[in-house]
Structures are given as structure tokens and as C-alpha cells.
Amino acid sequence: MERPFNFSAGPAALPEAVLQQAAAEMLDWQGKGISVMEMSHRSRDFDSIIMQAEKDLRDLLAVPDTYRILFTQASATALNAVIPMNLAGKGPTPPIIDFVHTGVWSGKSLVEAQKYARVNVAASSELSHFNTIPPQASWQLTDRAAYVHICSNETINGTEYFFTPDTGPVPLVADMSSHILSRPVDIEKYGLIFAGAQKNMGMAGVSVVIVKEDLISHALPVCPSVYDFSSLSLHHSIFNTPPVYAIYICGLVLKWLKEQGGVPAMEAAAVRKSALLYDCIDASSLYANSVDRSCRSRMNVPFFLQDASLEDAFLAGAEKNGLLQLRGHRSTGGMRASLYNAMPVAGVEKLVAYMREFERTH
Ligand SMILES: *Cc1c(COP(=O)(O)O)cnc(C)c1O
């Protein structure tokens with residue numbers, strides 16, 4: 001069966017090789033006679049799965065030894081609460097957290113953080129409909145903030161940071177859910193990086209937190225033990241039953257990424273795929289993308305049809321051509337194509353060919 005190309009923003013397409021290996025190992029993982037889903041999380045076998053996943057992630061992103069890698073069942077949305085609970089216990093009371101507000105996701109993060117801290121919106125692109133990233137020179141940061149929060153790729157608004165903010169001694173926290181592993185990251189510029197797995201790293205049910213060691217003992221007393229980074233770290237992410245299957249799938253994706261040439265290869269592919277699509281949009285009089293060119297996301301490309309009445313026909317035709325899940329987020333309308341690591345160049349070429357043909361015939 002030829003599989004269609006799936007442009008979903010998340011849960012998103014997985015590499016076919018990963019799905020095939022998971023299928024082959026479903027009933028019998030490596031000759032043990034049982035599925036990973038049926039395995040004790042404290043068994044030697046599961047330990048080898050989680051340790052290898054952690055090692056592969058550390059290699060792929062060149063994570064220094066002074067950073068811990070944690071797997072947690074807390075989704076990226078849950079981490080909007082878990083992170084302030086973990087990092088805001090040191091410094092002034094009430095704690096202060098700086099936010100750079102660039103779209104739907106940073107908005108959700110800052111609303112949640114208000115339950116645990118005073119929130120300072122250091123900069124916002126709301127007035128320009130979140131179609132840009134405010135330059136760092138315009139940020140009004142607080143000296144004594146517990147940390148500065150950014151969303152380095154806004155999945156819905158389609159913006160991406162192409163600079164690493166310098167926040168001095170104040171830790172920088174980044175929500176990288178929708179572009180982790182799509183380009184190299186200078187980990188040491190960050191205090192904490194987090195990402196849900198279901199966009200670019202696996203399936204729903206697990207998130208990854210990469211956190212600098214010296215930030216993990218400042219939890220607020222209210223922080224639940226299962227989400228306390230110091231207990232998670234002490235127990236190597238197995239404080240309670242972790243989402244074993246989601247961690248296994250994450251491990252398969254990480255292994256696949258290494259085989260593909262790692263993060264530099266993914267970045268080269270992302271540059272190529274996104275350029276194909278943005279060039280098609282820019283050359284057209286039917287399609288439009290309103291994001292500032294300097295911060296257009298390589299992962300999530302929202303676009304609109306100048307004649308919105310053609311949307312349903314566009315989507316129906318796309319589906320007929322094996323191009324799935326292109327409808328935009330309900331808050332923005334229009335279309336969105338997500339071009340994560342698992343999307344081959346051929347998928348974007350096919351999308352662009354379809355878009356040109358649709359424009360010609362409409
Ligand atoms: C998808 C997403 C989230 C939310 O993930 P959930 O698993 O639904 O909690 C948070 N931040 C960003 C940037 C996302 O793309």
C-alpha cells in the first residue's frame with residue numbers, strides 16, 4: 001500500500017520505517033515473547049530502551065553532561081504548570097517570570113504560569129497578529145526573574161526564532177515542541193528545553209525535558225512529586241510507571257534520525273522543503289502567508305486562499321491526491337502544512353504541484 005502524505009500539525013506523521021519496526025515488534029519485542037506495552041518498567045529490557053533513547057537524544061542534540069534529560073507523562077500543556085512549579089521556588093516571593101508572547105502557545109503558557117508567579121510580558125507580537133518575533137532589543141526583561149519563557153516555534157501562528165536570545169544570568173526556557181530535532185541547538189544557552197513528542201519525536205503520551213542540573217532543586221512546595229524534576233532526575237525518569245510504549249516509539253524515531261544523518265541532515269531537508277512551499281505561495285496570486293519573512297517557520301506553514309470559498313474544494317482535491325490534514329487550526333482558519341522531519345521532500349513536491357494545478361484550474 002502506498003501511504004498518503006500527512007501534513008498534520010500533531011499528532012503528526014511518523015517515519016514509515018518506525019511504524020514498520022513497531023508493527024514487527026508488536027507481539028514479540030526482540031525475541032522476548034512479549035510486547036513493550038506488557039513489560040515491567042523496572043525490567044532490564046525496558047531499562048535498555050529508555051537508556052538508549054536518552055543516549056541517542058543526547059548525541060543528536062549534543063546535550064552536555066551538565067544537563068539532565070527527563071521523560072515525563074506531562075504533556076507540553078501540562079508542563080506550562082510543571083515548569084513554573086519547578087523553577088520558581090528560588091528568588092523573590094512572589095516569583096516573577098518573564099514571557100515573550102508570540103502566539104497561541106506562549107499565550108497558554110503565560111496564563112498557566114500566573115497561578116504560580118507574577119508574569120511579566122517582556123515583549124509581545126499580539127498587535128501584529130503574531131506574524132513576527134519581537135527583536136531582543138525591544139524586550140523589557142526583569143532582573144530578578146526566575147526565568148524567561150519563549151516558544152521557539154509557534155505551531156499555529158507559523159513563526160520560528162532564528163536567533164538565540166541572550167538572557168544573561170536569567171535562565172532561558174524554550175518550548176520547542178514543534179521544531180525540536182529539526183536544527184542544531186546551542187543547549188548551553190538554555191536553562192531548560194521542553195517538547196511534547198507527538199510532533200517531531202514520536203507519539204502522544206510523553207514529553208522530553210532537557211534541564212540544566214543546577215536548576216532542578218528549586219521546586220515550589222506545591223509541586224507534585226511525580227512532576228518534581230529532582231525526583232524524576234534521581235529516578236532516571238522512572239519515579240512512577242512511565243509511558244513505556246511512547247518512550248519506545250520515541251527511541252525508534254531517534255534511532256531513525258541518526259540513520260538519516262542526524263540533526264544537520266534534518267535541517268538541510270527542512271530548509272529545502274520549506275523553501276519549496278514558501279516559493280510556491282509567494283509566486284502565486286491565490287495563496288498567501290502573512291508571516292514576516294525573517295521568522296517564517298520551517299516546520300509549520302499556515303497559508304490562506306485569497307478566495308476562502310475555494311477552501312473546501314482545495315482540501316477535497318488534496319485528499320484525493322493523497323495529501324492529508326491540510327486544514328488550518330480552528331483559531332486561524334485557512335490551511336496549514338506541517339513539514340516535520342518525517343515528511344519527505346517528495347511530499348512537499350507533490351503538494352506544490354497540486355497547489356499550482358489547483359490555482360491554474362480555479
Ligand atoms: C502541541 C504544542 C503544545 C501542546 O502539546 P499537548 O501535548 O497538547 O499538551 C505546546 N506547545 C507547542 C509549541 C505545541 O506545538
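Read the numbers this way: they start at 1 and go in the same order the structure lists the ligands and their atoms.
- Residue pairs meeting the salt bridge (Lys or Arg N to Asp or Glu O under 4.0 Å) criterion with at least one member in residues 252-269, sequence neighbours excluded, are Asp56-Lys258, Asp59-Lys258, Lys255-Glu259, Glu267-Arg298.
- Residue Pro344 comes nearest to Ala342 through the heavy atom pair CD-O, 3.2 Å, listed as atom of the first residue, atom of the second, then distance.
- Under the rule for a ring-ring contact (aromatic ring centres under 6.0 Å, His included), Tyr340 has no partner lying at least two apart in sequence or in another chain.
- Pocket lining of ligand 1, defined as residues with a non-hydrogen atom under 4.0 Å away: Ser75, Ala76, Thr77, Trp105, Cys151, Asn153, Thr155, Asp175, Ser177, Ser178, Gln198, Lys199.
- Scored by the ring-ring contact (aromatic ring centres under 6.0 Å, His included) test, Tyr245 finds Tyr248 as partners (sequence neighbours excluded).
- For Ser106 (side chain) and Thr102 (main-chain N/O), a donor-acceptor pair under 3.5 Å exists by modelled atom type.
- Using a 4.5 Å cut-off between side-chain heavy atoms of Ile, Leu, Val, Met, Phe, Trp and Tyr, with links allowed through other members, Leu57 and Val244 fall into the same hydrophobic cluster.
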